[in-house]
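This is the structure I have questions about; it appears just below.
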Amino acid sequence: MEHPNRLRPQSINACTKSVNTFLLVSTLVATVTFAAAFTVPGGYNSSGTDSGIATMLRDKGFHIFVFCDSIAMYSSIIAAVALIWAQLGDLTLLRDALNLAVPLLGVALFMMSMTFTAGLFLAVSKLQWLSTAVLVMGITFLTMLSVILIPLCTPVTPSNRIYRYISYYVVYLVILATGN
Ligand SMILES: *[C@@H]1O[C@H](CO)[C@@H](O)[C@H](O)[C@H]1NC(C)=O
């Protein structure tokens, strides 16, 4: 992606295909996180002066839920708009839009997962062992997710040493895990 003016027709085609895939994913993330905002854990109070106010308003987990859901929603919307720009047919625009949209989409996916963990944790927080299990699973899988997401979202340039080191260790770990 670093020399868009020298892209061959095949790679332009591949880029257009991945733009469509990214657009689909970011739309799905936007849809899900939008819906989550109005189906919050605990729901909304339906009586009295607090009618319409979230019942878990004072809960720390709820605050995490609200922040993660908002960040996921807005970054996936920005990614979607950038990807619509990417479809206008200009190669420099395609490269810039992908450089903006892919990291934002990564953030959106990560925040959507965190929203899930926070919401599920809130829902089961009265049962100690289950909420601990949800938390441990959440932390484990979010760590795994960030390991495979960060290299994907780092701008790809051959001289980017961080990218090369991380991707080297990711490939190494995958090879180690599959036992080859
Ligand atoms: C709803 O709000 C009222 C006060 O307006 C309060 O007494 C009641 O406990 C609340 N219900 C829930 C489920 O939080």
Side-chain angles (χ1 to χ4, degrees), residues 17-87 96-155 162-163 166-167 169-170 173-174 177:
K17 269 200 194 116
S18 54
V19 164
N20 287 330
T21 313
F22 290 143
L23 190 54
L24 180 74
V25 174
S26 57
T27 313
L28 283 174
V29 174
T31 311
V32 168
T33 49
F34 185 94
F38 298 105
T39 51
V40 293
Y44 293 105
N45 198 331
S46 56
S47 64
T49 50
D50 280 347
S51 163
I53 305 293
T55 54
M56 290 196 169
L57 198 61
R58 311 260 171 236
D59 208 305
K60 285 225 169 50
F62 186 76
H63 303 163
I64 296 174
F65 179 90
V66 168
F67 273 107
C68 294
D69 195 55
S70 308
I71 294 169
M73 158 79 191
Y74 291 126
S75 45
S76 61
I77 293 277
I78 296 174
V81 174
L83 291 165
I84 292 168
W85 273 99
Q87 291 180 322
D96 291 346
L98 277 176
N99 278 346
L100 174 70
V102 173
L104 276 175
L105 192 53
V107 169
L109 284 169
F110 189 82
M111 286 298 161
M112 185 176 74
S113 314
M114 271 186 71
T115 310
F116 172 81
T117 307
L120 192 60
F121 178 79
L122 272 176
V124 300
S125 56
K126 283 280 158 70
L127 192 56
Q128 180 79 47
W129 71 267
L130 195 55
S131 58
T132 311
V134 165
L135 211 58
V136 169
M137 278 191 281
I139 290 169
T140 310
F141 285 100
L142 284 172
T143 310
M144 284 168 64
L145 180 63
S146 52
V147 166
I148 59 168
L149 206 55
I150 291 170
L152 201 66
C153 298
T154 325
I162 299 172
Y163 173 76
I166 294 176
S167 49
Y169 283 113
V170 168
L173 283 176
V174 168

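Ligands are counted one by one from 1 in listed order, and the atoms in each one are counted from 1 as well. Each residue takes its place number in the sequence, starting with 1. What you see is a predicted model; the values in this text were computed from it and never measured.
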Quiz item: How far is atom 13 (C) of ligand 1 from its nearest protein heavy atom, and which residue and atom is that?
Solution: T55 CG2, 3.8 Å
Quiz item: Closest approach of L145 and L109, non-hydrogen atoms and distance?
Solution: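 Taking every non-hydrogen atom into account, CD2-O, 4.4 Å.
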Quiz prompt | Residue pair S75 / L104: nearest heavy atoms and the distance that separates them | solution =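 Closest approach of S75 to L104, heavy atoms only: CB-CD2, 3.6 Å.
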Practice problem: Check for a donor-acceptor pair, side chain of T55 on one end and backbone N or O of G42 on the other, with a separation under 3.5 Å. | Solution: yes
Practice problem: Give the residue, atom name and distance (to 0.1 Å) of the protein heavy atom nearest atom 11 (N) of ligand 1. | Solution: N45 ND2, 3.0 Å
Quiz item: Under 4.0 Å from ligand 1, counting heavy atoms only, is it the side chain of D50, its backbone, both or neither?
Solution: both
Exercise. Can you sort out which atoms of ligand 1 are near G48, meaning under 4.0 Å from one of its heavy atoms?
Key: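 Ligand 1 atoms under the 4.0 Å threshold to G48: 5 (O).
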Quiz item: Counting only non-hydrogen atoms of the protein, does one fall under 4.0 Å from atom 5 (O) of ligand 1?
Solution: yes
Quiz item: Which ligand 1 atoms are under 4.0 Å away from a heavy-atom of S47?
Solution: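 Those of ligand 1 that fall under 4.0 Å from S47 are 1 (C), 2 (O), 5 (O).
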Quiz item: Which atom names give the shortest non-hydrogen contact between F34 and M73, and what distance separates them?
Solution: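 Shortest heavy-atom separation between F34 and M73 comes out as CD1-CE, 3.8 Å.
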Quiz prompt | A101 versus A82, closest heavy-atom pair with distance | solution =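 Heavy atoms of A101 and A82 come nearest at CB-CB, 4.1 Å.
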Quiz prompt | Test item: protein heavy atom less than 4.0 Å from atom 9 (O) of ligand 1 | solution =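 For atom 9 (O) of ligand 1 the answer is no, since every protein heavy atom stays at 4.0 Å or beyond.
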Self-check item: Qualifying side chain to side chain donor-acceptor pair (under 3.5 Å) pairs, either residue in residues 17-32, two or more places apart
Solution: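 Listed once each, the pairs are N20-Q87.
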